[in-house]
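The structure appears below as structure tokens.
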Amino acid sequence: MNTQRFTRATSGFAGRWIVLLAPFLAAASPVDTSKWRCEFCPFEDGEVVADVEAGSIYVDDSAAKFGEYDGLNEEGSYLALGGSAGQRKGNGMFWRAAAEDLGLDSRSAAVSAGREGSWQVDLGYVASPHNVFDTTLTPFTVGANESLTLPSGWVRAGSTQGMTALNSSLRSYDLETERERVSLGGRFDSSSRWHTQLNYTHETRDGQRLLGSNFITTSSQLPGPVDFVTDQLDWSVRYDSAHGSIGISYFGSFFSDQRWDFIWANPFTAIAPGADQGRSALAPDNNFNQLAVNFSQQLGEAWYLRMNGSLGRARQDDSFLPYTMNALIPITPLPRTSLDGEVDISHFDLQLSGNLGKVLPLLQGLRGKLTYRYHERDNSTPQADYAYVESDTFPGGVASNLPYGYERQNFSLLGEYDLGRLLQLDPGRFARLSGGWDREEWDRTLQESESSTEDRGWVRVQVRPLTWLTFDARYGAANRDTDPYVATAIAGAPQNPLLRKFNLANRERDFWDFGAQLSLPGDVALSLDGFHRDDEYVDSAVGLTRSRDVGGSADVSWSVTERIAAFAFYSRQEITSEQSGSQSFGAPDWRAESRDRIESASLGLRLSELGERWNVQFDYFLMDSQGEIEMLTGLSAAAFPPLNIRSHGPRLNVVFRATPALEIIGNLQYEHFDADDWALDGVEPDTLPSILASGADAYDYDVNLVGLSFRYRFGGSDDGEPAAEEEEP
Amino acid sequence: MKLPPASVVAGFLLTAGFLAQAATAQETPPAAEQSGDAGESYSRDGADSCIKCHDSPEVLSLFKSKHGSRALAHSPFADGELQCEACHGPGGAHAARIRSGQPRPPIPNFGANSVAPVASQNQVCLGCHDTNVQHAWHDATHDRNGVACADCHQIHTTHDAVRSTREQAEVCFDCHQQQRADHLKAFRHPIDGNLMSCSSCHSPHGSAVDFYLRRNSINETCYTCHAEKRGPYLWEHAPVTENCSNCHVPHGSSQPALLRVRAPLLCQQCHSQAGHPTFAYGPDNLPGGSQPSSYLAAGSCLNCHSQVHGSNHPSGSRLTR
């Protein structure tokens, strides 16, 4: 049979049937994937894929700031050790393990296992140091009960210059803390609709931090203990419907300070008899339990509704220390043995967003969003009068604790109109006009201002007039009014009635920001941003009167080829704050202006799979910060020495694939950092007569780093790709 | 009117059906395509059609991730699913034979170089990821600003950088330039290590809280890592209980301890009690100056008032104990 003649003969006849039968045909014949064998698809078949990396890192100088968070703070060699392994089977079962930087203080390891789409269990460990200052000195040693004691032969004096045994007693100590966090968690998807997640973390943080410790007008900077344990539990259950979800969750935080107090000997001549030792309370144990419900629902075609509500309670009930450890001060009974502190945190938010054009065709192109948020800190901690002792020296008076609480409400309305339809813009171009109004209301207890209201309005234009050019500009203003401001006495010392605390004060704010993105020929992308924020505290005669934050940045990225990419970034920012003070407890008689100018820049180059073997990453960064503080007193002006910080350095990482399984990794890095800080420069332990300082210096270093390691891969294909990693940040 | 016999009617209908199928078959598009709904054409062999050309390691990396899993019921490569075309759309025309010189019909791709509208791209992802991601995403800032899922996420890879604690910040910095600049400042959070990243504090898919924080407030977010500051304390420092960012700048600062302004000026913005809190400290009060002061150098106010976040000591009303 001649198919074509048959077709012509029958098509007209059959065509009528096609019209009649088309709906049936369409419904009866979805895409037929039965022949889609995926023969060329390289599914994982249960092969174990692993890699091990081992090598060494050498740092040629010690610098706490250089190794602030990764532990490379000491001159010397470090072991670079890590690796990963994993297996994915055809039935969905998988396991993964990874370890990184095992030779460093910033080491981590993680193991996951489960069945894809069904359940997963995760076990993780991460350690993170925080190194501060290169040299910190103290004459103290740790004595009985972990108190800080002075060496035998110590000579007390009224000033540090008189401490004749000081310099010979000084020893250096490390000012660092280390966090270690172990986490155990999992998720279970019992169906496509039900999801359960549970995560437990146990974190310890120990080390030393700088703690100021005074006796009236003399003070010492001491190595204070850090010995924290925090356990947290996150649990949630969620049900997803076709157009919404509902879930409940629990969060618990349990903090314990393994040290209750901190005792130190007075290195100065006691101002009053018996003031030979001081004792501070360290952070009390606390716990926080919170239950939350969240709900979201798509309402028809046009609306989305989201709600979230939570109730939480923070508790703290550590036993009080006595008023003083000065045995010569008469014992005064405490009004209570512990705080029995309790704060209830309530939160509720509701968000309704809609595409109004789907509700009323006349409003085509208009979208809106209405948000309401309520947040309350209800502090029901008992109040009492405390007959305090001034720094273990002499009775001070009576003060009542102030359990602060607040309610905060936010109302927000946002509208966005798509001008593209009106202007009949071609696809790929758009123009949008949006605007919004927010109101924030505060109600506070036990503070100078009981309530405040801030209204903020803004407008924004986003335009893409050409497919390669996008503009974005926003302007807004806000005005905050507070209730009459009533100065509050704190521990018997009244505030200047003209002072306005900036978070409670009347404020006028205006802000604008703009951005432009250009996609240029040759795969070049250019981005320009700028912003300006200006706050004026219009009724603050004393206190913060104005703050400004102005800046801009430019970023360019260039995909030279598929395998070569380059980018550059520059930013400049100026942060200014102006404030007034009064030495006469009256009208302002001095002003201060603090200004930080920060410039930063970075360059980068990426070479991928050059010659099928080389991967190169080169980065260079620069940061230059200049801080100025000027004091104006009467008619005279005096400027502090500049607070300059400069840092820059290149970083090179090269990976060479010697064989499909073996990679050689090289790292080179240089970093320069220097800072001028008048608070630290030249301030030795005995520089200030009444402060036994730590002698810490501002950061100043030049460090070179060289690293060489080898990574060997086991299993897997020759595509050079390791096993999939899906670690959750 | 006499009705035709049932057998004739049945035969007629069967013949008509056969002819309709035949006509439809003749009208079937060229070999690489098959009909779907709405007139779109899918490929004949699914992923095998695509991999014939797209067989680079980058593309095939998909099969080492969940998107390339056969076992995961909702994966594009599960039984009966549309494989590559589940995301990239019908590929029949794209995979079909073309005449010499004729441009190959494009197939939707994702990311910065895609010609498809962002909303269309995202709808593909949200069609499957229709859980809490979609509900949070809708009308969130990233959504309203036209951020595509593929602007942050990489699918054809064994390593999605935005989901790596160490590398996430670089992805965010592509757009958040000011935060990149903040991260280069002298004092900052360690968001480029193994401990934390941007999403430790922020929910990039959206949330109803200011700044898309993970917890209900700035303070609750900070207490996740700084639980020792939660209290409640016997002697509270009021601005601390309201908002940590009253004093601190979490993304980075030129001032130690991520402060907005250094002491004593920061403290003097709120404290005006007669005596040392109100002195106009100037350069003459520095060590070596004409009137060196103990309230300026070293830790400044914190030389004595070290319990600035609150004190639980009965004699700690001045935050010195």
Side-chain angles (χ1 to χ4, degrees), chain A residues 7 10-11 14 17 31 36 38 40 42 69 92 108 116-117 126 128 212 214 219 230 240 255 280-281 283-284 296 304 323 341 343 347 349 353 386 388-389 399 404 491 493 495-496 499 501 544 553 571 585 590 596 600 623 625 631 633 638 640 645 679 683 687 690-691 693 719 721 724 729, chain B residues 16 19-20 23 26 36 42 46-48 51 57 61 63-65 71-72 131 135 138-139 158 165 177 181 184 186 190 193-195 197 199 208 216 227-228 230 232 234 236 238 241 246 254 261 269-270 272-274 280 282-283 287 294 297-299 302-304 306 312-315 317 321:
Chain A
T7 303
T10 58
S11 60
W17 287 106
V31 179
W36 291 10
C38 222
F40 301 141
Y69 290 118
S108 65
E116 286 175 341
V126 63
S128 179
N214 79 318
S219 170
T230 308
D240 294 321
F255 167 78
S280 273
S296 65
Y304 247 99
Y323 282 119
V343 173
H347 181 91
D349 60 71
S353 59
Y386 293 83
Y388 64 93
V389 173
Y404 299 111
Q495 295 262 30
N496 185 324
L499 171 83
K501 293 181 179 177
L544 182 64
S553 64
S571 156
F585 203 72
W590 63 264
D596 286 330
S600 54
M623 189 278 297
S625 169
M631 301 294 294
T633 310
F640 278 88
I645 307 175
V683 180
T687 301
S690 56
I691 308 290
D719 60 11
E721 296 283 351
Chain B
L19 289 173
Q26 287 297 322
Y42 285 82
D48 286 337
I51 294 175
S61 294
F63 294 96
K64 294 182 178 170
S65 70
L72 192 56
T131 58
H135 301 309
H138 185 81
D139 252 357
T158 57
T165 304
Q177 305 289 349
L184 291 172
N194 286 336
L195 182 67
S197 61
S199 62
N216 289 331
E228 72 276 9
R230 187 191 297 276
L234 169 61
E236 295 193 315
T241 66
N246 277 331
S254 291
V261 174
Q269 290 177 0
C270 292
S272 64
Q273 292 89 336
S294 298
L302 274 74
N303 286 332
C304 299
S306 56
N312 211 50
H313 194 297
S315 295
S317 59
R321 284 290 186 271

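In what follows, chains carry the letters A, B, and so on, assigned in the order in which the sequence lines appear, proteins first and then strands, with residues in each chain numbered from 1. Excluded from the calculations below are hydrogen atoms, water molecules and symmetry mates; all remaining heavy atoms, backbone and side chain alike, are included. These numbers come from a predicted model, not from an experiment.
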Is B/L195 close to chain A through its backbone or its side chain, or both, or neither, when contacts mean heavy atoms under 4.5 Å?
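Answer is both: backbone and side chain atoms of B/L195 are under 4.5 Å from chain A.
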Heavy-atom proximity to chain B below 4.5 Å, by part of [X]:
| X | value |
| --- | --- |
| A/A638 | both |
| A/F40 | both |
| A/Y323 | both |
| A/S690 | both |
| A/S296 | side chain |

Is there a side-chain contact between B/Q269 and A/L499 (heavy atoms, below 4.5 Å)?
no
Compare all side-chain heavy atoms of A/S571 with those of B/Q177 and state whether any distance is below 4.5 angstrom.
no
For each of A/G92, A/S219, A/S553, tally heavy-atom pairs with chain B at distances under 4.5 Å, and name the one with the top tally.
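Winner by heavy-atom pair count: A/S219.
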Highest number of heavy-atom pairs under 4.5 Å with chain B: which of A/T633, A/T687, A/D596, A/T230?
A/D596
Determine the minimum heavy-atom distance between A/G117 and B/L72, stating which atoms define it.
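Result for this residue pair: CA-CD1, 2.9 Å.
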Report the residues that fulfil ring pair (Phe, Tyr, Trp, His ring centres under 6.0 Å) with B/F63, sequence neighbours left out, ordered by chain and then residue number.
A/F43, B/F77
Tell me, please, which residues at least two apart from B/D48 pass salt bridge (Lys or Arg N to Asp or Glu O under 4.0 Å).
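Once residues adjacent in sequence are excluded, B/D48 has no partner under the salt bridge (Lys or Arg N to Asp or Glu O under 4.0 Å) criterion.
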